[in-house]
Amino acid sequence: MTAQSSSFPRYAFMPSEGNPEDGAAVFWSVDNDRVHFALAVKALGWVGFGISEAGGMLGADMALYKTSNPSNLVDAYVIEGRSMPLTDDCQDWTLEGATSENGWLIVEMSRLLDTNDGQDRAIKHDADLWVPPTRIIAAWGDTDMVSYHGEKKARSSIRIFADHSNELTEMQALLKTLEEESDSHFDFLEDKFSIPAKETHYQNLCKTVNDFNIELPQGGGVITIIGAMPIITGETAEFIHHFIVYAQKDCTDESTLTRSMIYGWAPGDEGWALPNDVGFPLFDDVNNQALHLEIHYNNPYLIEDMKDSSGVRLYYTYAERTHRAGVLAVGDPYLSLYGESIGEGLTQYAFTCPGACTSSLLGKERNGNNQGITVVSEHLHMHKTGARMTSEVIRGDEVFHKAVADVYEFDQQG
């Protein structure tokens, strides 16, 4: 099987966590309502391939193949992160072929994009860079039975419907798009900040337009943010809980009341690019002449002498785009549960933003004319005790739209 195979025009390599030179090669194609995969690994006994909401075993929709039963492919799912996969009630994966020779195991399989099976994960159209990619996982071994894989595992993010070059990873494709569509970029970073030896610390950094040394267009000071890439210091990544970038009036304390969010990062996020007619205007109004970076550091073991230079690279154009972007945060933004204590065991909390609030905040341009909004993407965010989250848009008594994070893992958000 080669990358030039006409049956599988797209491919990616997933390096194993134990040995970057080892791993799983995955090939795929989409035929109407069906997706076809082929997986190649160095193994003698078995291989598992999965579609994963959170990027790990927990909640994954799996296909399992064993050389000891060469005519059978098992449709399975995982309900606990380190538990063995359970066999689905409905077997929706189809075995298209398998080869085991010279130490290589190659398995071809297919299934419907959406099986309408609650034990499967629907595969959604993921070509656009402002929607999440599809997260996939694999594991393999040399034993007759599916068993603990150790470091023989891999995971990655791919865009099943995208048409960019096979030579590009997901991150490289995003970076290429931003570099091609932007006029330039600038970095907003900490500078070797010494992380305090305390469990929780919020570090705030503010810079005005003059601090960034941006070459603004003649005749006006407006630029339009079209995308962002996180820059995370490798040695201190484990201490960064999340960070947020705001636009605001200036760097005085009073300007916090003028803040508007531009970008938020949490573990698992790889950056974003907005649609080609959407952007965040910056430096065009008295209330967005500065940027504020707020980083939440989490240091539960009180480790000392860790220095961080993380932040974000913002890509921009000199021309304003047709539609202005904005960020709306709803729910419990201060994570306070309005003073309510978390109960024992599994608990549930609900927060409501009534129609009167959204009507007053949304749907009006600066000139006062009514204009609808389009939601480009959603990011459901919780802290480490979060297990599942939903967000509903209700019109009258009807749930018009529902976003669901069925399986939430803090380290794989995005």
Side-chain angles (χ1 to χ4, degrees), residues 12-21 23 52-58 81-82 129 132-133 135-137 151 153-158 168-175 178 185-205 207 227-246 261-273 291-315 335 379-386 405 407-414:
F13 178 71
M14 299 189 291
S16 75
E17 295 188 7
N19 179 6
E21 296 182 359
S52 171
E53 177 184 6
M57 281 284 288
L58 182 64
R82 292 185 176 274
L129 291 176
R135 288 174 169 167
I136 56 174
I137 60 173
E151 294 184 337
K153 60 179 179 178
R155 62 183 181 182
S156 186
S157 297
I158 61 173
L168 299 179
T169 65
E170 164 65 19
M171 183 76 76
Q172 290 170 336
L174 174 60
L175 184 60
L178 289 173
H185 66 262
F186 63 92
D187 295 343
F188 190 16
L189 309 170
E190 275 293 348
D191 184 12
K192 298 180 181 178
F193 172 70
S194 183
I195 301 174
K198 54 188 294 189
E199 182 170 357
T200 298
H201 176 78
Y202 285 86
Q203 176 66 11
N204 293 279
L205 176 66
K207 291 186 178 182
M229 293 288 286
I231 298 175
I232 308 298
T233 303
E235 295 78 10
T236 53
E238 63 180 290
F239 301 98
I240 305 174
H241 185 279
H242 73 272
F243 67 74
I244 301 174
V245 179
Y246 300 96
M261 189 189 301
I262 290 179
Y263 175 60
W265 178 88
D269 176 64
E270 297 179 340
W272 50 256
L291 290 178
H292 186 115
L293 173 64
E294 180 187 81
I295 302 182
H296 175 188
Y297 292 105
N298 186 40
N299 188 1
Y301 299 108
L302 312 182
I303 298 174
E304 299 180 340
D305 300 324
M306 301 303 299
K307 298 188 183 300
D308 181 57
S309 296
S310 298
V312 63
R313 174 165 294 174
L314 295 170
Y315 290 82
L335 301 169
H379 186 165
L380 304 183
H381 173 70
M382 296 183 287
H383 282 194
K384 292 191 175 183
T385 55
V407 179
Y408 184 82
E409 287 192 57
F410 180 84
D411 292 329
Q412 287 290 316
Q413 296 181 56

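- One finds the OH atom of Tyr202 at 14.5 Å from the CZ atom of Phe243 (value rounded to the nearest 0.5 Å).
- Distance alone, capped at 3.5 Å, is enough to place a donor-acceptor pair between the Asn299 side chain and the Pro196 backbone.
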For Leu314 and His185, run side chain to side chain contact (heavy atoms under 4.5 Å, CB included): C-alpha distance rounded to whole Å, both residues' side-chain angles, the deciding distance at 0.1 Å, then the answer. CA-CA 5 Å; Leu314 295 170; His185 66 262; over 6 Å; no
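- With sequence neighbours excluded, the residues satisfying ring pair (Phe, Tyr, Trp, His ring centres under 6.0 Å) with His242 are His296, His381.
- Scanning both residues, Glu235 and Met306, for their nearest heavy atoms gives O-CE, 3.4 Å.
- Nearest heavy-atom pair across Glu190 and Leu293 is N-CD2, 4.4 Å.
- For Ala405 against Leu380, the heavy-atom pair with the smallest separation is N-CD1, 3.6 Å.
- The side chain to side chain donor-acceptor pair (under 3.5 Å) search around Gln203 returns His201, not counting sequence neighbours.
- Between the CD atom of Glu238 and the OG1 atom of Thr233 there is a distance of 12.5 Å, given to the nearest 0.5 Å.
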Go through the steps for Leu189 and Ile231 under the test side chain to side chain contact (heavy atoms under 4.5 Å, CB included), then give the verdict. CA-CA 8 Å; Leu189 309 170; Ile231 298 175; 3.9 Å; yes
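- Here the CG atom belonging to Leu302 is positioned 10.5 Å from the NZ atom belonging to Lys198, to the nearest 0.5 angstrom.
- Side chain of Ser16 to backbone of Lys153: no donor-acceptor contact under 3.5 angstrom is found.
- Summarising the geometry, atom CZ belonging to Arg313 is positioned 5.0 Å from atom OH belonging to Tyr315; distances are rounded to the nearest 0.5 Å.
- A salt bridge (Lys or Arg N to Asp or Glu O under 4.0 Å) check over residues 295-308, counting only residues at least two apart or in different chains, returns nothing.
- To the nearest 0.5 Å, atoms OG (Ser309) and CZ (Phe193) are separated by 11.0 Å.
- Residues Tyr263 and Pro230 approach most closely at OH-CD, 3.6 Å, considering heavy atoms.
- Partners of Arg155 according to the salt bridge (Lys or Arg N to Asp or Glu O under 4.0 Å) rule, which considers only residues two or more places apart in sequence or in another chain, do not exist here.
- Closest of all the heavy-atom pairs between Tyr408 and Met382 is OH-O, 2.5 Å.
- With sequence neighbours excluded, no residue forms a side chain to side chain donor-acceptor pair (under 3.5 Å) with Tyr246.
- No donor-acceptor pair under 3.5 Å is formed between the side chain of Ser157 and the backbone N or O of Arg135.
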Before you tell me yes or no, could you show the steps for His292 and Leu205 under side chain to side chain contact (heavy atoms under 4.5 Å, CB included), namely the whole-Å CA-CA distance, both residues' side-chain angles and the distance that decides it to 0.1 Å? CA-CA 6 Å; His292 186 115; Leu205 176 66; over 6 Å; no
Walk me through it: do Val312 and Trp265 pass the test side chain to side chain contact (heavy atoms under 4.5 Å, CB included)? CA-CA 9 Å; Val312 63; Trp265 178 88; over 6 Å; no
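- With rounding to the nearest 0.5 Å, the separation of CG in Leu174 from CD in Glu270 is 8.5 Å.
- Here the closest heavy-atom approach between residue Ile158 and residue Pro133 is recorded as O-CB, 3.4 Å.
- With sequence neighbours left out, the ring pair (Phe, Tyr, Trp, His ring centres under 6.0 Å) criterion links Phe239 to no other residue.
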